[in-house]
A.B. asks: 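Input: one structure, supplied below.
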Amino acid sequence: MHPARERGLIELQCAALDHLAERAGHLSLPRVRPLTDGKRLTTTCFDGVARLVWMLTFVPGTVLAAARPHSPQLLESLGRLLGEMDAALADFTHSAAVRELKWDLTRAGWIREHLHEIEGPERQALVERFLTYYATDVEPSLEGLRRAVIHGDANDHNAIAGNAKDWPREITSVVDFGDMHHGLVVAEPAVAAAYAIMGTRDPVEAAARVVAGYHGAHPLQAGEIACLYTLIGLRLAVSVTNSARVKKMQPDDSYVTISEAPAWEALDVDLRREPGLVLDLGVGSRLLGADPAEAGTEALTDKISRAMKDAEVSVAVGRYDEARGIYISGLFGAGERPTDERRTVHLGVDLFVDPGSPIHAPLEGVVYVLTNNTAPQDYGPLVILRHETDTGASFFTLYGHLTEDTLEGLRLDQKIARGEEFARVGAPPTNGGWTPHLHFQIILDLLEQGADFPGVVHARRRAVWTSLSPDPNVLLGIPSDRFPSEDPPSSATLSARRDRLGPSLSVSYRTPLKIVRGWKQYLYDETGRAYLDVYNNVPLVGHSHPRVVRAASERLALLNTNTRYLHDNVVRYAERLTALLPDPLGVCFFLSSGSEANELALRLARAHTGREDVIVLEHAYHGHTTTLIDVSPYKFDGPGGGGRRPWVHVAPLPDVYRGPYKRDDPEAGVKYARGVGAITAALPVEDRGPAAFLAETLPSVAGQIVFPPGYLAEAYRHVPEAGGGCIADEVQTGFGRLGSHRWGFEPQGVVPDIVVLGKPIGNAFPLAAVVTTREIATSFDNGMEFFATFGGNPVACAVGLAVLDVLKDEALQDRAWRVGQHLIAGLRRLQERHQLIGDVRGSGLFLGVELVRDRTTLEPAPEEAAYVVERLRERGVLTGTDGPHENVLKLRPPLVFSEEDADHFLEALDDVLEEDAAQA
Ligand code: PMP
């Protein structure tokens, strides 16, 4: 014997084996052999150390771990042997049997302190779950369970199988009585079953055989059977936790790791684990649609019940400390702006159950508040219980959205026992109109607020309120692995982005926004703060427009593929699109981005003319590819740019505010166009004439420039005369944003040879198009086939068609005009009062506000512009700057923008311009 072992433990084993020999002589268990002096135990010296020695008979056979197969009969015989043994031990007592042993399942709580030594949060959660089952199911009934001296370690290395040739093969003996202790009788079959299920395909069958064998020989009681499942898992949990500890102490012992693997596998087959249904009701939740109004109670009720049905659960959980998408909907109070910060962070846990479900007190308490709580907290019928800790400190638990009967059935100061049913979950409308659920919250200090203690708070104050209302899961014990993974805070997203995305990728605002939801003209950050989007021209018909979403998702659920097969969507879309463009623009090419489209437009022009040179405007931007950077002065002349290529020619920007010819000059258009004429005249027509004049019809990056009348007509005259084609980049301006016209070239009275469409065309779905004449398309058909994998795919075309439908059905071009006029008028009024506003220009909802420090010198005000943009963002209004001097506020909201939105924006801008940092 190990020198450190107490003598009492050996005496216990000897006494037990003697007892068994006498009471159950038919069992072939080891027998204690008396020593020559008749004693059962002596001390002798090994290598100078005194050790206890005793002698047992040899038990022939094979350890169960090495016996194959583990037939049902074999497992049942193990249970039977243990049952017969325990039946014989039932009246056996020994003073050494009551001992502190880590394998005693009544003491298994020790593993809680060692959870952190287990590697990986999933595995920790697995063990934690069984501790939770133990606490909720076994511990409360521990008193009623039989205790006796048990073997306590019938693992598969201690069970001895008989001869392999015998039929049926049975367990003949168990050895190693070293873990004998006075413990739960039911722990005996539980331990044996825990080992029997390892590595089996059918753990229930294996465990059932062991238990059935045991029960036949030594019947278990109902209360014991109820605990079996948890105790089997708990034994595995103790075993893996012990292995994790040993591993920490002996990291090189690979035996530990190998032997624990089947235990982990067995633990993972937790049959009690419901399919996780902790709901994600966060701002970015996919359970909720993008429409905040849809989060109104009925739609939400439907969605939650459907989710519960799909997951086959009767309880769903709404999370604590969750910024919720369901609180950003609804009516705005008087004087309240949609962009005002709202209460979104949930301080309780919601338990969605059938109305009428009983609520049992998790702790002993006293009824402290009984009320029907309406706005602003909206708990409906509400109960608050007051509890006391052992040290006399009091705290509270709050139960909201109950039945009205609950209130009638209780009185203040009434004592409620732990586990007592004291309330029921209400149904709409008596529960405040909510989807039936219990709102359960812990409150450490009710402050002065009593029944009006908030259940939902502002994200900004979340730290304070969560310190007063800690996580109710300390009482509920929902295993952490059932919770959907939480999104990292925006600071973590930013650093991960810096880590993993190209560092030159731009991000807006000093404190970047994390946007998780978009609806119409609003974007929502992860805390549920709404931002009025005055900036994004891409979601033309509004963020997440349902018709566009439906078109994309329905088609994607059916088919998406390249354009090498016939499909009606692409043809239908080409027909619809060309019908919106003047003759002879009748042939389409489809692509996935504005850059791709501009690339192709240049290839078309070059193929058609056989030339290379391109004329562009100062400060233009046309895309991010190699060639397009070469034709974008904004890039090649900007930071990191490589300068102008010899085949690129830059014409002056027709800027009637800042350029040499002003708005009041009726000839300005013709005069600026002379810049284009000068280039074509200077090019030797024979071999170096222009392939194309590529220009936006209202240059955006250059500062939301509106061409003076006659400019494009004159420029579009010079270029063809020199043998070149005219490409209109309508990536920013097309599809009705200008209000007065659908396309930017229309107010200029011209028809380009090639039109490039992008950004708004798919309402943010990747789609772009080049539309040209049959003649040019034919020139391009020179033997080299054209193919862009994603171009014109069925989903993109379905989206494109839906966008055209919505534009028409919602008359968004007219709206752009009407709201644009309203906005321009408001901006002009601000211009009268704020010196900083030098110029207001644009059309419809494509507007620029140029900020200058001096209206005479036109000294640009870029710092002021940056300040204004940042301050507007803080007020919940999104804009940006552009122009060569970064001093032009760019206004290009989705076309669903309303007059009220315009007023909201104007008011915010007016306020910000009053601030001293924005003074000219
Ligand atoms: N042309 C213009 C006028 C643009 O503004 C842009 C994008 N800002 C592009 C082309 C390139 O489009 P994309 O980013 O979709 O490639």
Side-chain angles (χ1 to χ4, degrees), residues 501-502 504-508 535-540 589-605 614-636 638 641 648 650-651 653-654 692-707 712 726-735 737-738 743-745 748 752 754-771 788-793 796 799-800 803 842-843 845-848 879-884 886 888 890-893:
L501 301 185
S504 49
L505 177 65
S506 73
V507 57
S508 296
Y535 180 76
N536 283 291
N537 56 347
V538 177
L540 183 75
F589 295 85
F590 292 113
L591 306 123
S592 307
S593 71
S595 297
E596 249 190 297
N598 271 328
E599 273 287 339
L600 182 66
L602 285 179
R603 285 182 62 202
L604 290 173
V614 179
I615 304 170
V616 293
L617 292 180
E618 282 174 321
H619 213 72
Y621 175 70
H622 295 291
H624 63 81
T625 64
T626 307
T627 310
L628 295 179
I629 296 296
D630 285 345
V631 298
S632 298
Y634 162 70
K635 290 288 185 193
F636 70 65
V648 176
V650 181
L653 183 69
F693 169 54
L694 166 63
E696 282 187 271
T697 48
L698 284 93
S700 180
V701 172
Q704 305 287 91
I705 300 295
V706 183
F707 292 150
L712 273 188
C726 296
I727 305 174
D729 182 339
E730 291 269 356
V731 165
Q732 297 232 16
T733 45
F735 294 96
R737 168 167 297 282
L738 304 176
W743 312 111
F745 57 79
Q748 289 279 311
I754 301 171
V755 174
V756 177
L757 305 173
K759 289 191 194 272
I761 188 173
N763 209 50
F765 190 91
L767 172 62
V770 175
V771 189
T789 303
F790 302 127
N793 69 66
V799 166
V803 170
S843 175
L845 290 174
F846 183 86
L847 304 176
T879 58
T881 60
D882 236 327
E886 287 296 338
V888 181
K890 210 156 62 164
L891 314 180
R892 312 166 307 181

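Atoms within a ligand are numbered from 1 in the order they appear, just like the ligands themselves. All figures in this text were calculated on a predicted structure; none of them were measured in a lab.
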A.B. asks: Let me confirm one number: the CD1-CG distance from Ile761 to Leu767, rounded to the nearest 0.5 Å.
C.D. replies: 4.5 Å
A.B. asks: Return the set of residues passing side-chain hydrogen bond (donor to acceptor under 3.5 Å, both in side chains) with Ser632 (not counting sequence neighbours), or none when no residue passes.
C.D. replies: none
A.B. asks: Using a strict cut-off of under 4.0 Å between a residue heavy atom and any atom of ligand 1, list the qualifying protein residues by chain and number.
C.D. replies: Ser593, Gly594, Ser595, Asn598, Tyr621, His622, Gly623, His624, Glu696, Asp729, Val731, Gln732, Lys759
A.B. asks: For Tyr634, check ring pair (Phe, Tyr, Trp, His ring centres under 6.0 Å) against everything at least two apart and list the hits.
C.D. replies: His619, Tyr621
A.B. asks: Is it the case that more than 12 heavy atoms not belonging to Phe790 sit under 6.0 Å from its CZ atom?
C.D. replies: no
A.B. asks: List in chain and number order the residues that pass ring pair (Phe, Tyr, Trp, His ring centres under 6.0 Å) with Phe846, two or more places apart in sequence or in another chain; answer none if no residue qualifies.
C.D. replies: none
A.B. asks: Out of curiosity, Ser595 OG to His622 NE2, how far, rounded to the nearest 0.5 Å?
C.D. replies: 11.0 Å
